[in-house]
Amino acid sequence: MTVIVPGQTIGILGDGQLGRMMAIAAAELGYKTHIFGQDKDGPAAQICTTMTVASYDDKKALKKFADSVDAVTLEFENIPLETLRFLEPLVPVRPGQKVLQITQDRNLEKNFINKIGIPTAPFFNVESLDDLKEAIETIGTPSILKTRRFGYDGKGQFKLITATQAELAWSEIGEQDAVLEGFIPFELEISVIVARGINGDIETYIPVENRHKNHILDITLAPADVETSISDQAIEMARTIAEEIELVGLMAVEMFVLTDGTLLVNELAPRPHNSGHWTIEGCSTSQFKQSIRAAAGLPLASAERHSNAVMRNLIGEDASFWQDILSHPEMSLHLYGKAESRPGRKMGHVTRLFPLDTPPNI
Ligand code: AMP
């Protein structure tokens, strides 16, 4: 397995804030970065050594990119599989096709998770309105219809309260392949970020609690306020998933915690995750640096935290209060360099640390 050494170049597919923070982490480790994406002035373009602006199906640009980098990683999971198939014979791609194939498709993802003995919400594969009607008979309501592919931040989802909404739900999600999921009255949402190196070593960050506003992550509390047995079980599940999917890289495992302590896995994201931004300040090695270590084939670092933390996203106009935030010396401000603020757009985040013996407090 190829190890990429400092001085060499890591290619990153995707050009958003995750790519930006990965490029910063790569630079700290002495690597150059080459971003492949579409936004020449975007968050990652401002940081990287080289940028290619091209579409993911531009074979000529991909070949040139592959020739100029020593390993490839990614900052979002919806890179076309065909792109990875093209790159993989030319350069190590971490994480690779198998991981992307499963995590791009909610039906494959949930089947995979169940097959390895880990529970999810009950779900039913839907490829037509008739399937949806059958799914509603099986799963019942309330339930959530989610497109199998390309969903994020609650997009491509419709919550059904009654069976009479089948036609509406099917049309609202654009009559695409989907899954119907039972609505879970969870107590809280948590996530575990797991990294797996080329030698199979695994490191996991502490489970954190995630609170959403308008379907977008608002706040992460590290650690999640759950019993040790639940925390241990969440970590074990994340480890099992990383092993079984043969991850080389970093992955976030989102879970629901039910009132009786049961854990259900909701979603996998094979890249640094918004719920791991606190690790930049809260851990000696952030999720971003860890993802670069894994992609480069370096040994992983400890994912131990030295502090508790609260991370709050700056969405849309929130970022215009950057001066107020700076007047609080205990707060770490991160802005992503996005020129235009739009409602619902992630513009930056703020992290505040707490001692390990103090619960994170908002
Ligand atoms: P997802 O795109 O699957 O991460 O869903 C976005 C958000 O919708 C989750 O973070 C939950 O807050 C909520 N959600 C998703 N699926 C369910 C479910 N089956 N039951 C209840 N809430 C859900």
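Both counts, for ligands and for their atoms, begin at 1 and track the order of listing.
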(request) Return the option from Glu254, Lys159, Glu181, Glu189 holding the heavy atom at the smallest distance from atom 10 (O) of ligand 1. (result) Glu189

(request) Please identify which atoms of ligand 1 are closer than 4.0 Å to at least one heavy atom of Phe186. (result) 12 (O), 21 (C), 22 (N)

(request) Heavy-atom distances under 4.0 Å are what count here, so tell me which part of Asn266 touches ligand 1: side chain, backbone, both or neither. (result) side chain

(message) Using heavy-atom distances only, which candidate in Ile144, Leu180, Leu217 approaches atom 23 (C) of ligand 1 most closely?
(response) Ile144

(message) Is there a polar contact, in the sense of an N or O pair closer than 3.5 Å, between His215 and ligand 1?
(response) no

(message) Any atom of ligand 1 sitting under 4.0 Å from a heavy atom of Gly182?
(response) yes

(request) For residues Ile161 and Gln165, report the shortest heavy-atom separation together with the two atoms involved. (result) N-OE1, 2.6 Å

(message) Out of the candidates Lys40, His34, Gln38, only one should pair with Thr52 under the side chain to side chain donor-acceptor pair (under 3.5 Å) rule; please name it.
(response) His34

(message) Which residue in the set Thr50, Thr33, Asp70 passes side chain to side chain contact (heavy atoms under 4.5 Å, CB included) when paired with Thr9?
(response) Asp70

(message) Assess whether a salt bridge exists between Glu82 and Arg85, defined as any Lys/Arg side-chain N lying under 4.0 Å from an Asp/Glu carboxylate O.
(response) yes

(message) Is the contact between Arg106 and ligand 1 made by the side chain, the backbone, both, or neither, using heavy atoms and a 4.0 Å cut-off?
(response) side chain

(request) Any atoms of ligand 1 less than 4.0 Å from a non-hydrogen atom of His212? List them with their elements. (result) 10 (O)

(request) May I ask you to decide if Ile292's main-chain N or O and Tyr31's side chain share a donor-acceptor pair within less than 3.5 Å? (result) no

(request) Could you tell me how the ring of Phe288 sits relative to the ring of His277: parallel (under 30°), tilted (30 to 60°) or perpendicular (over 60°)? (result) tilted

